[in-house]
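Structure record follows, encoded as C-alpha cells.
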Amino acid sequence: MKKRVLTTRENLPGRGLDRLSEAVDVVAWPGTGKPGPADLAALASGVSGVLALGNDPVDGALMDAAGPSLRVVSLASMGFDNVDRAAAAERGIVVTHTPGVLSETTADLTFALILAARRRLGAAGASLADGSWGLFRMHDYLGLDIHAATLGLIGYGQIGRAVARRAQGFGMRVLHHDPYAPDDALSTSVGLATLLAESDIVSLHVPLTEETRHLISTRELAGMKPTATLVSTSRGGVVDEEALLHAVQEGRLHSAGLDVFEHEPMGTELSPLVAEERVITLPHIGSATEATRAAMVDLAVDNILDVLAERPARTPLPGGPAVPGTPAGTAGARS
C-alpha cells in the first residue's frame, strides 16, 4: 500500500509533483485561495508527509490530524516561520526547506528593487501610464545613484552573499551585519548601528524568528540616513510596516522596496505602503522564475522521498534533525 502525502496546492511548477505521484498517493488541497489550518487538517489523516508553500500554516493541530504516520514536513520555501517547529520536534517530525536553489534568483530581484526604488522608476513609469508626461523637465523624477553607494546587508547567508557579488559591478562599498559571518573579500562585518548609519541602501536577508520580528522599527529607521533606501526580500514581519510608512511619509527615509509583507496574500485589503510613491511593492516574487520555482518543488519532493525511504533529508532546517525521531542537530543531512 502506497504512503500518502498532503500537498497544499494542486498545481506547482515543474515535474516535481508528477515524480511524487509516481511514488506515493498525493492528496491535494483543492481550493483556489490560501488554505487555513482547519482546511489542511481535514485532509491530513494518515499522511506520511506534507508538502507546503512558505506561507501555508503547518501547526500542531495539523500534525495531530495526520497522526503518528507523519514523518516529514517539506517546505517549497527557504523561509520556515509558517511551521510550528517546537510541535514538530515534540513529535519527531523532520522539517525541511529549500535553501540554495533560490539564492541567485532572489538576489536578482533584490537588485531590481534597489534600482527601482533609488531611481524612482515607479513614479516615472506611472507618468507615462496616466498621460502626465507632457513636458521634459530637468527636476522631474530625480533619484539617487546606486553606483559607488554603500550597501548594508543585514544577514549574510547565501542570498546576502549573492547580492554582495552583484554590488561589485556597481562599484559599491558593502557592509554586513551577521554574528555568524566575518569579513570576506566582498564585505566588511560591522555592528548593526554602524551599518544603519553608514549605508545608503539597507537590504534585509534574515529569517523571521522571535529575535528578528520587527528588527527594523522606529529606532532603527531613525538611525538611517534620510537619503537611504530600505529593501526587504526576506519576510514581512522583519519590518515594522507602520514605522516604515511614517518614516517615508515624513521624509525621514528616501524610499523602500518591499517584496514581502506582514500579512500575505493581501487580497483587496492593501497595506498603505502600496500607495506610497516612494515605496516599490511586489507580491512576494523573489524566487519567481520558471527554473527556480521548479527547482524548489523538486528539492521539496526529494526531501519527502528521502525521508520516506529512511534516508536523511537533503536540506533539513538549521539545527533540526534529518531523520525522523532523532534529536535536533543530528548529523546526516547532505550538503
- line: Minimal heavy-atom distance between A247 and L221, with the atoms involved, is CB-CD1, 4.2 Å

query: Side chains of L244 and V279: does their closest heavy-atom pair fall under 4.5 Å?
result: no

query: What's the spacing between E22 CD and L305 CG if we round to 0.5 Å?
result: 10.0 Å

Residues that, via side-chain heavy atoms closer than 4.5 angstrom, fall in one hydrophobic cluster with F136: M138

message: When you measure from the side chain of S21 to the backbone of L17, do you find a donor-acceptor pair of N or O atoms at a distance under 3.5 Å?
response: yes

Other residues, nucleotides, ligands: >12 heavy atoms within 6.0 Å of R119 CZ: no

message: For D200 and T227, which I'm curious about, is there any donor-acceptor pair between the side chains at under 3.5 Å?
response: no

task: Report the distance from atom CG of L282 to atom OG of S232, rounding to the nearest 0.5 Å.
output: 11.5 Å

message: Please check this pair: side chain of D183 against backbone of S189, looking for a donor-acceptor N/O pair closer than 3.5 Å.
response: yes

query: Can you name the nearest heavy-atom pair linking A117 to S255, along with the distance?
result: O-OG, 3.6 Å

task: Kindly work out whether a path of hydrophobic side-chain contacts (I/L/V/M/F/W/Y, heavy atoms less than 4.5 Å apart) joins I93 to V50.
output: yes

task: Hey, could you give me the CG/CG distance between D56 and L75, rounded to the nearest 0.5 Å?
output: 9.0 Å

message: To the nearest 0.5 Å, what is the distance between CE on M296 and OG1 on T98?
response: 4.0 Å

P99 side chain near M78 side chain, heavy-atom distance below 4.5 Å: yes

task: May I have all residue pairs that pass ring-ring contact (aromatic ring centres under 6.0 Å, His included) and include part of residues 31-80, sequence neighbours excluded?
output: F80-H97

- prompt: If two hydrophobic side chains count as joined below 4.5 Å and joins carry through other members, does V307 share a cluster with I304?
  reply: yes

- prompt: Does anything in residues 271-281 pair up under salt bridge (charged side-chain N to carboxylate O under 4.0 Å, His left out), and if so which pairs, sequence neighbours excluded?
  reply: R120-E277

Tabulate below the donor-acceptor pairs under 3.5 Å that side-chain atoms of residues 57-65 make, not counting sequence neighbours, or state none.
| residue | atom | partner | partner atom | Å |
| --- | --- | --- | --- | --- |
| D59 | OD1 | A61 | N | 3.3 |
| D59 | OD1 | L62 | N | 2.9 |
| D64 | OD1 | R91 | NE | 2.9 |
| D64 | OD1 | R91 | NH2 | 3.2 |
| D64 | OD2 | R91 | NH2 | 3.2 |

message: Using a 3.5 Å distance criterion without hydrogens, assess whether the side chain of E220 forms a donor-acceptor pair with backbone atoms of S217.
response: yes

- prompt: Are I285 and V101 connected in the hydrophobic side-chain network, where two residues link if heavy atoms are under 4.5 Å apart?
  reply: yes

field: Any donor-acceptor N/O pair, D39 side chain to G36 backbone, under 3.5 Å
entry: yes

For residues 162-176, please give each side-chain donor-acceptor pair under 3.5 Å, one per line with the distance, not counting sequence neighbours.
| residue | atom | partner | partner atom | Å |
| --- | --- | --- | --- | --- |
| R165 | NH2 | E104 | OE1 | 3.4 |
| R165 | NH2 | E104 | OE2 | 2.2 |
| R166 | NE | D108 | OD1 | 2.8 |
| R166 | NH1 | E104 | OE1 | 3.0 |
| R166 | NH1 | A162 | O | 2.8 |
| R166 | NH2 | E104 | O | 3.2 |
| R166 | NH2 | E104 | OE1 | 2.8 |
| R166 | NH2 | D108 | OD1 | 3.0 |
| Q168 | NE2 | A164 | O | 3.0 |
| R173 | NH1 | E198 | OE1 | 3.2 |
| R173 | NH2 | E198 | OE1 | 2.7 |
| H176 | ND1 | S187 | OG | 2.6 |
| H176 | NE2 | A181 | O | 2.9 |
| H176 | NE2 | P182 | O | 3.3 |

message: Tell me which one of R314, R15, R19 satisfies salt bridge (charged side-chain N to carboxylate O under 4.0 Å, His left out) with D298.
response: R19

message: Please list all pairs meeting salt bridge (charged side-chain N to carboxylate O under 4.0 Å, His left out) that have one or both residues in residues 137-151, counting only residues at least two apart or in different chains.
response: R137-D140

From OG1 (T150) to NZ (K225), nearest 0.5 Å: 5.5 Å

- request: Determine the sole option in I216, L153, D178, I154 for which the side chain to side chain contact (heavy atoms under 4.5 Å, CB included) test with V206 is passed.
  value: I154

query: Any idea which heavy atoms bring Q158 and G100 closest together, and the distance?
result: OE1-N, 2.8 Å

Residues which pass side-chain hydrogen bond (donor to acceptor under 3.5 Å, both in side chains) with T233, listed by chain and number, not counting sequence neighbours: T110

task: Find out whether R71 and V94 are in side-chain contact, i.e. whether some heavy atom of one side chain is under 4.5 Å from a heavy atom of the other.
output: no

- request: With the side chain counted from C-beta on, respond yes when P283 and M266 share a heavy-atom pair under 4.5 Å apart, and no when they do not.
  value: no

field: Donor-acceptor contact below 3.5 Å, side chain T105 vs main chain L102
entry: no

- prompt: Can you tell me how far CG of L195 sits from CG of L151, rounded to the nearest 0.5 angstrom?
  reply: 8.5 Å

By side-chain hydrogen bond (donor to acceptor under 3.5 Å, both in side chains) - contacts of R118 (at least two apart): T229

statement: Across all chains, not counting sequence neighbours, the side chain to side chain contact (heavy atoms under 4.5 Å, CB included) partners of A76 are L51, L53, A300

Review item, side-chain donor-acceptor pairs of residues 25-34, under 3.5 Å, at least two apart:
| residue | atom | partner | partner atom | Å |
| --- | --- | --- | --- | --- |
| W29 | NE1 | G33 | O | 3.3 |
| K34 | NZ | N55 | O | 3.0 |
| K34 | NZ | E264 | O | 3.3 |

task: May I ask whether L230 and V260 are part of the same hydrophobic cluster, defined by side-chain heavy atoms of I, L, V, M, F, W, Y residues being less than 4.5 angstrom apart, directly or through others?
output: no

message: Please find the pair of heavy atoms, one from H214 and one from V239, that lie closest to each other, and give the distance.
response: CD2-O, 3.6 Å

- prompt: Can you list the residues that meet the side-chain hydrogen bond (donor to acceptor under 3.5 Å, both in side chains) rule with T106, with sequence neighbours excluded?
  reply: none

- prompt: Under 6.0 Å from the CG atom of N11, do we count more than 12 heavy atoms belonging to anything else shown?
  reply: no

query: Taking atom types as modelled, is there a side-chain donor on T96 or S74 under 3.5 Å from an acceptor on the other?
result: yes

- prompt: Are side-chain heavy atoms of I201 and F111 found at a separation under 4.5 Å?
  reply: no

message: What verdict does the side-chain contact (heavy atoms from CB on, under 4.5 Å) test give for R252 and M224, after you've listed the backbone C-alpha separation in whole Å, the side-chain angles of each residue and the deciding distance to 0.1 Å?
response: CA-CA 8 Å; R252 293 182 285 108; M224 295 174 65; over 6 Å; no

query: Got a donor-acceptor contact below 3.5 angstrom from the D259 side chain to the H284 backbone?
result: yes

field: For P316 against G320, the heavy-atom pair lying closest together
entry: CB-O, 4.2 Å

- request: Answer with yes or no whether the hydrophobic clustering places L70 together with V83; edges join I, L, V, M, F, W, Y residues whose side-chain heavy atoms lie under 4.5 Å apart.
  value: yes

Y141 versus S132, closest heavy-atom pair with distance: OH-OG, 4.4 Å

Which residues share a side-chain hydrogen bond (donor to acceptor under 3.5 Å, both in side chains) with T209, sequence neighbours left out: E211, T212

message: Quick check against the 3.5 Å criterion: does N303 have a side-chain atom that pairs as donor or acceptor with the backbone of T315?
response: yes

